[in-house]
Amino acid sequence: MSLLSLEDEALLQSMVRQLFQSVRERLAGAPSAECAEEILLHLEETDEHFHNYELVKYLRNYIKSSLGSVIEEETEKCTFAQSQGEGLGYDTLVQRVTKRTRETKEYTEMMHSLKNGMMAVVETLLNKFEEDQAKNREMLKKNTHEHAGHYTDNCSDSDSSFNQSYTFMNQERLQLIAEQLDPSQPEEVRKDAMQTLCSAPPSDVLNCECWHILHKNLTLSLADPDSAFTEKILRFYAKTFSLSSLSMAREVYTSLAKHVELSFKSKEIQKLLSSGVDITNPNLIRLLKKIRLLNDYQKEAPSFWIRHPEKYMEEIVESTLSLLSASQDPSFPSSQMHFGPVFFLAMIDTKAMWFKKWMHAYYSRKVVLQLLEKSYKSLITAAIEHCFYYFESSQSAIDGNSKPSMASQQQSGTKQKTIFTKQELHYLYFVHSLSLLGRLLIYKHGRGLFPIKVKNRKEKVQLSDLVVLFTNIMLYCSNAPKTSGDYTGSFAPASLAMEVLRILCDRKECASECLYIGKVVDVLLSPIQKLLDGEKIHVNCDETTLTYIADILARIASFEGGLTLLLYGQKTDTSKKRTVAAHIIAQFSKNLLHEDIAALSESDMLAVLKGSFIFVCRQMYHTCEGLQVLLHYQLHDCIADAWKKTILLSERTPTPVAGATSLSSVSQESQGTMAWEESLLDNLLNFAATPKGLLLLQQTGAINECVTYMFSRFTKKLQVSRCEKFGYGVMVTQVAATASGALALQKSGFIQALVTDLWAVLECGRDDVRVIHPKPTPVDPIDRSCQKSFLALVNLMSSYPAVYELIGNQVLPSKDIYSLREVPTCFADIFDRLIIVDSDAKMNSLFNYEQSHIFGLRLLNVLCCNLDTLLLLESQYKVSDVLLNAQKENTLESSAGLENVIIDGVSVERNHILVRMNVIGGPCERVLPPRALIQGNNLYPWPMFSSHPVPKCYISDVPLIDVHTQDNELAKFLSKKLDSRPGWLDNCRRLFSKIIKNNPVSLSGSVYEELLEKCVSHLSETPTNCVFTYSDCKDEQVQTELSAVQCLGVKMVIRYGKHLNLLNSTAEQDLPELLNQCEKLLKPQRIISDSPMRYLQGRFPGHDWFASSVFLIMSGDSEKALAFLLKFSCLLASAYLWLPRLHISKLLSADIALSGIHPVYFCSSHYIEMLMKTEIPLVFSAFRMSGYTPSQICQHWLSQCFWNYLDWLDICHYIALCIILGPDYQIYFCVAIFKHLQQEILQHTQAQDLQVYLKEESIHGFHVGDHLEYMERLEQKYRRMVLKEMNNLALQ
């Protein structure tokens, strides 16, 4: 190629010239030679026509002819190597062939030849280019000297690009052009200079030494009447904005803004605007183009000005605000309407997108707000005034029975609009002002500009006044979409105002200052109140507006501050007594469901309105405090009735027949009915978010359908609602706290799906899952892949009623052979396959035996923390025997003939569980072995528990406390004769509180026994305290027999009592007798249930931990304990401390008794959650994030009287507090525990094991005396409400 013929060289020259002409525009826009080189290097990536260029084709053929045989040879060699097992991929093959080809002699010769040939071609082209340039300079000088010449305008019609070719210019030439652009020069000279300037590379112009002269003359030339000339200047400005540095762009922008500002002060412009804007007028076209160019730069500048000094950005912002705040020339008649630059900006950027972008980043927002506050507050004032003006004028037009004056007069048809009337300009400015003010209120410093003084108003405009104005615009201005014109849909005033309010609602801090105000909510509710009162509402307040109201109310209720305002009103406003918003909304929703609103009874949007306002109520009743306020409206019954009617309606809908004319209408009606049915189920389901709400849902009879609906959404990973940040995890946990909820979860398929997913993660997936990458071998028994399934199982089986309902009286499906593809489908299968691994068949059926078995043991460990669940599993499956046998089998015989348990992950886990199952006690009464090995020679120093008795190191010594009754004030008080006067109990309470705070250890032994006996006797003798009928059952014909669970419970209690040195040798016979007597007392008071739930069949299915605690307090004296329980059974405290007392009891209403939900859950736990949200919000939020609920763990603690969680003395304190100080102390006690555990709860929430921590760990460091003052403060704040509800709900 180095010896090119003349024809070949000419051909190559034409090819190179074609390539450069094709990319001419790209190269012309490059600010430097380096950028141009970069464009050429990446041309193949950016130019879709790259491979069609003749030069590219020529080079491809040249390479093929030179290196084709070499490439083929190297490819064959590498392919052969690959077939021999080197395993090269396609990319590696290409890289190796390329590398070897470049190392060949042929490649070196080709590159040398190609380089020489192309250099010759390029040199020839450069010589020709220099000759042409010399000729052009001579012609240009001649034309300049004679002030004549021929110019062709090749400018593109686009706003920011040029199509003409570029010519490189030196400084002298640019100096000459700058002088020729002076307005004093002849018109032709200026035009020619402008044309030449447009053909110059932007990099030369922007870096020239005479830029300031050039810039000055260009700015003066903007006022030229010649549209073509000024348009070229604007095109040059557009190019400057896109290619120049910010300092130069800032000069161009500020000068253009100043020019536009001066233009609006001229009388000629104002005369042109006196009747509106005709965009066919050349003068107005020029003005609009200038403002549009400014606006384009306003929207682009925020993306890059942070990279430049702040002063540049400040000048741009200030020049913009100065332009928009431009006032009318004083010499212009004030009677005429004045249209400033802001009106034209509103035409171009109606929704103020420029302001939105400026306010987005703090860097620019700070400057904008500072300038608005110091110098340009008039811009904000004018926007507020115009919003008031628009609202008042629109309402006056409606009152005068005329058409609204601003937005309604629009041209019809599809023809492009050319004339904007004064009313339309004002409407556009109104939209711009509304958008600007809405954006301003989002930010703290923007709200800090208020209050603002405006014309024609006596008082300054407060934040609340402005939000009320927005609300009134939404309520009383038109929202109906227009059939023609520009302002349709989202440009309707009501829609615009609603969008602004939505934005304010979605920002918590902003909403708390702007919307959580009494008068704002009053304005929102005024149409609803009128409809409830049967009054006529505003003509523009139609059904769509009512849905807007519901949407804003729902967003207000989604945050704590807004919810409090709706539920309780504004406490600071005592000027007049007003109905709390929640009551108005609930009553309106109830009337809508009953179709009892006359004005809306025939509306086509009635179903939409029902759904919208029920959703608002749902935002309230899915919280404890909201349900408390709305309870008496019985919304659950109203929604359930509407759901049942919808089901009947859907059953009556005829089945669509193919070919029928009404097929589409029937289908649409059926889909609408189905959607309404799902909406009602969704709203019913949200009652299950709280313990009391779950009871209400159970009473509607729709819990199975609701849980099935929840499962369908849960599988799709949908959120609870648009206002909820979390999914259904908390709700599933809440439902699983009860027997009825667990049964509904089982029927819905939820449990089967959970178990199947667990097995897929733990053992093996489905057959149809394609395995691309094998799963990593897990290091931890519960790694990240199965942690979610583990926590879901813990949540579902956290409560004893659920466990009993799901596995009570069920036999494990033990088999001789298990298929490897046999997947468990229920909890019993999980127990059989993962926990009770007592055969080779079960062991061999697991792909990952050790990991899967440890997973099962970890699950068993959590379940056994609930003592009732432990007794159930032990009675049904003999779990401890299975584990002990496994420990014995996992041994090695030592040289001394002793058997040592092999220490591995499984044996260590079994050791921990066996100790937990066989040793009862609080944090200071037992020691649980760790489940991890330690570094050093002795990896596990703890003795292995492989046979009874339990190693003594796991049982802490309990010191004998010898307390003399005369040593404390309460003992002396109790030694006196019992006084029946009311003051005795008050004195007793005072002394009791004092001693618990100062010397709680002295309350032990016979002191507690005497204290509780005398207090219960005193309380039971007062008729007002006896809320239950006193029944001393002596009917020996009532036959009772302890269940297997209770028999094991008796052994556990006796073991614990002896450990505490409280019992004698006869206790093993006395405690069963006491439990039998209690059963004889309670059995006649139970309802005979025909429910399919196992939990409601016969006696209380768990152990009686309260009676057992009383037995220990009475030092094993069953007669004293029974006498105490007989008297105690008539007190309110017995409903909450003694769980078997109200198990399916006739003392409860039938629907509550047959629900299987105990008052400890639907009352105590409900108010614990309610108080937590107010008193310890961080802890409450942590529970929400974890997917666990406080009610679950509280039900667990309370049902077993804190056994295993507190030491015995603190358990006695708890029982005494609830009896002596009142049953509401049960609630305060749990809240105090959560407050004590706050730091640990937050840490374990972050570690994603909160529920495991709360169930497995004792409550360390909690002593009742340290927290009694806090409980007393809670009593002062909440007793009136809590104790009243405890009475009402327990005695229905």
Task: Donor + acceptor pair across side chains of Gln628, Tyr1167 (<3.5 Å) - done: yes
- [ ] Decide yes or no for Tyr1056 and Glu925: does some side-chain heavy atom of the first lie under 4.5 Å from some side-chain heavy atom of the second?
- [x] yes
Open item on the list: Does this structure show an ion pair linking Lys997 with Asp1266, if we count only N-O contacts that are shorter than 4.0 Å?
Closed with: no
Task: Any donor-acceptor N or O pair under 3.5 Å, side chains Ser799, His1196 - done: no
- [ ] Drop me the distance from Gln1248's CD to Ser1186's OG, to the nearest 0.5 angstrom.
- [x] 10.0 Å
TODO: Output yes when a side-chain donor or acceptor of Asp1207 lies under 3.5 Å from a complementary backbone atom of Cys924, and no otherwise.
DONE: yes
TODO: Please round to the nearest 0.5 Å and tell me the distance separating atom CG of Leu697 and atom CD1 of Ile703.
DONE: 5.0 Å
- [ ] Heavy atoms only: give me the nearest Gln1226-Leu1137 pair and the separation to one decimal.
- [x] NE2-CD2, 3.9 Å
Task: Atom pair CD (Glu625) and CG (Leu1171), whose distance is rounded to the nearest 0.5 Å - done: 10.5 Å
Task: Passing option when Phe1229 is tested against Trp1197, Phe1262, Phe1234 for ring-ring contact (aromatic ring centres under 6.0 Å, His included) - done: Phe1262
Open item on the list: Quick check: do Leu1142 and Pro1159 have side-chain heavy atoms less than 4.5 Å from each other?
Closed with: yes
- [ ] State whether the side chain of Ser1181 and the backbone N or O of Leu1178 hold a donor-acceptor pair below 3.5 Å, judged by distance alone.
- [x] no
Task: CA sep, side-chain torsions, deciding dist, call: Ile830, Leu859, side-chain contact (heavy atoms from CB on, under 4.5 Å) - done: CA-CA 10 Å; Ile830 290 292; Leu859 178 62; 4.2 Å; yes
- [ ] Using the salt bridge (Lys or Arg N to Asp or Glu O under 4.0 Å) rule, take Arg931 and Glu1256 through it: C-alpha gap first, then chi angles, then the decisive distance, then the call.
- [x] CA-CA 12 Å; Arg931 291 183 289 192; Glu1256 289 187 347; 2.9 Å; yes
TODO: Would you list the pairs meeting side-chain hydrogen bond (donor to acceptor under 3.5 Å, both in side chains) in which at least one residue belongs to residues 1235-1246, sequence neighbours left out?
DONE: His1244-Asp1249
Open item on the list: For the residue pair Glu1275 / Tyr1225, report whether a side-chain donor-acceptor contact shorter than 3.5 Å exists.
Closed with: yes
Task: Side chain to side chain, His1260 and Leu1237, heavy atoms closer than 4.5 Å - done: no
Open item on the list: Give me the atom names and distance for the closest heavy-atom approach of His622 to Thr690.
Closed with: O-CG2, 3.5 Å
- [ ] Test Tyr1161 against every option in Lys692, Gln1195, His1166, Gln734 by the side chain to side chain donor-acceptor pair (under 3.5 Å) rule and name the one that passes.
- [x] Gln734
Task: Check against side-chain contact (heavy atoms from CB on, under 4.5 Å), Phe687 and Thr700 - done: CA-CA 11 Å; Phe687 278 99; Thr700 64; over 6 Å; no
Task: Any donor-acceptor N/O pair, Glu805 side chain to Ala739 backbone, under 3.5 Å - done: no
Open item on the list: Any non-hydrogen side-chain atom of Arg926 less than 4.5 Å from a side-chain atom of Val915?
Closed with: no
Open item on the list: Show, in sequence, the C-alpha distance, side-chain angles and deciding distance for Phe1106 and Tyr1136, and conclude whether the ring-ring contact (aromatic ring centres under 6.0 Å, His included) test is met.
Closed with: CA-CA 10 Å; Phe1106 179 76; Tyr1136 297 95; over 10 Å; no
Task: Criterion side-chain contact (heavy atoms from CB on, under 4.5 Å) on His1263 and Leu1209, from CA distance to verdict - done: CA-CA 9 Å; His1263 300 291; Leu1209 185 58; over 6 Å; no
- [ ] Go through the steps for Phe1202 and Tyr1205 under the test ring-ring contact (aromatic ring centres under 6.0 Å, His included), then give the verdict.
- [x] CA-CA 5 Å; Phe1202 290 98; Tyr1205 290 97; 7.6 Å; no
Open item on the list: What I'd like to find out is whether the side chain of Met620 reaches to under 4.5 Å of the side chain of Ile585, using heavy atoms alone.
Closed with: yes
- [ ] Could you label the plane-to-plane angle of the His632 and His583 rings as parallel, tilted or perpendicular, counting under 30° as parallel and over 60° as perpendicular?
- [x] tilted
Task: Rounded distance [0.5 Å steps], CZ in Arg713 versus CG in Leu681 - done: 11.5 Å
TODO: Indicate whether any N or O donor in one side chain lies under 3.5 Å from an N or O acceptor in the other, for Asp1224 and Tyr1228.
DONE: yes
- [ ] Assess whether side-chain hydrogen bond (donor to acceptor under 3.5 Å, both in side chains) is satisfied between Ser740 and Gln698, documenting all intermediate values.
- [x] CA-CA 8 Å; Ser740 56; Gln698 170 71 14; 3.1 Å; yes
Task: Residues, nucleotides or ligands: over 12 heavy atoms within 6.0 Å of Arg989 CZ - done: yes
TODO: State, yes or no, whether a side-chain contact exists between Val520 and Ile556 at a heavy-atom distance under 4.5 Å.
DONE: no
Open item on the list: Show the nearest heavy-atom pair for residues His1158 and Leu1139, with the distance to one decimal.
Closed with: NE2-O, 2.9 Å
Open item on the list: To the closest 0.5 Å, what do you measure between CG (Leu870) and SG (Cys865)?
Closed with: 9.5 Å
Open item on the list: Has Glu1169 got a side-chain atom pairing as donor or acceptor with Ser1191's backbone, closer than 3.5 angstrom?
Closed with: yes
Task: Partner residues of Glu1257 under the salt bridge (Lys or Arg N to Asp or Glu O under 4.0 Å) criterion, sequence neighbours left out - done: none
- [ ] Before accepting this row, confirm whether a basic side-chain N of the pair Glu513/Lys508 lies closer than 4.0 Å to the acidic partner's carboxylate O.
- [x] no
TODO: Mind listing the closest non-hydrogen atom pair of Cys617 and Ala586 along with its distance?
DONE: SG-CA, 3.9 Å
- [ ] List the steps, then state whether side-chain contact (heavy atoms from CB on, under 4.5 Å) holds for Val803 with Asn866.
- [x] CA-CA 10 Å; Val803 173; Asn866 188 308; over 6 Å; no
Task: Side chains of Leu1198 and Trp1105 in contact at under 4.5 Å (non-hydrogen atoms) - done: no
Task: No-hydrogen, no-angle side-chain donor-acceptor test under 3.5 Å, Tyr1008 and His1213 - done: yes
Open item on the list: Using modelled atom types and a 3.5 Å cut-off, is there a donor and acceptor pairing between side-chain atoms of Ser1258 and backbone atoms of Asn1204?
Closed with: yes
- [ ] Please report the closest heavy-atom contact between Asn795 and Gly1187, naming both atoms and the distance.
- [x] ND2-O, 3.6 Å
Open item on the list: Could you measure the distance from the CG atom of Leu504 to the SG atom of Cys514? Nearest 0.5 Å is fine.
Closed with: 5.5 Å
Open item on the list: On a heavy-atom basis, which atom in Ala742 and which in Leu806 lie closest, and how many Å separate them?
Closed with: O-CD2, 3.9 Å
Open item on the list: Distance alone, cut at 3.5 Å: any donor-acceptor contact between the side chains of Asp868 and Gln1200?
Closed with: no
TODO: Only counting residues at least two apart or in another chain, list the ones meeting salt bridge (Lys or Arg N to Asp or Glu O under 4.0 Å) with Glu1175.
DONE: Lys1277
TODO: Side-chain contact test, heavy atoms from C-beta onward, threshold under 4.5 Å: evaluate it for Leu928 versus Tyr954 and give yes or no.
DONE: no
- [ ] Could you tell me whether the side chains of Ser798 and Lys1255 share a donor-acceptor contact shorter than 3.5 Å?
- [x] yes
- [ ] Using only heavy-atom distances, determine whether the side chains of Trp1203 and Ser1108 contain a donor-acceptor pair under 3.5 Å.
- [x] no
Task: Residues Gln619 and Ser558: side-chain donor-acceptor under 3.5 angstrom - done: no
Task: Thr869 side chain to Tyr800 backbone, donor-acceptor under 3.5 Å - done: no
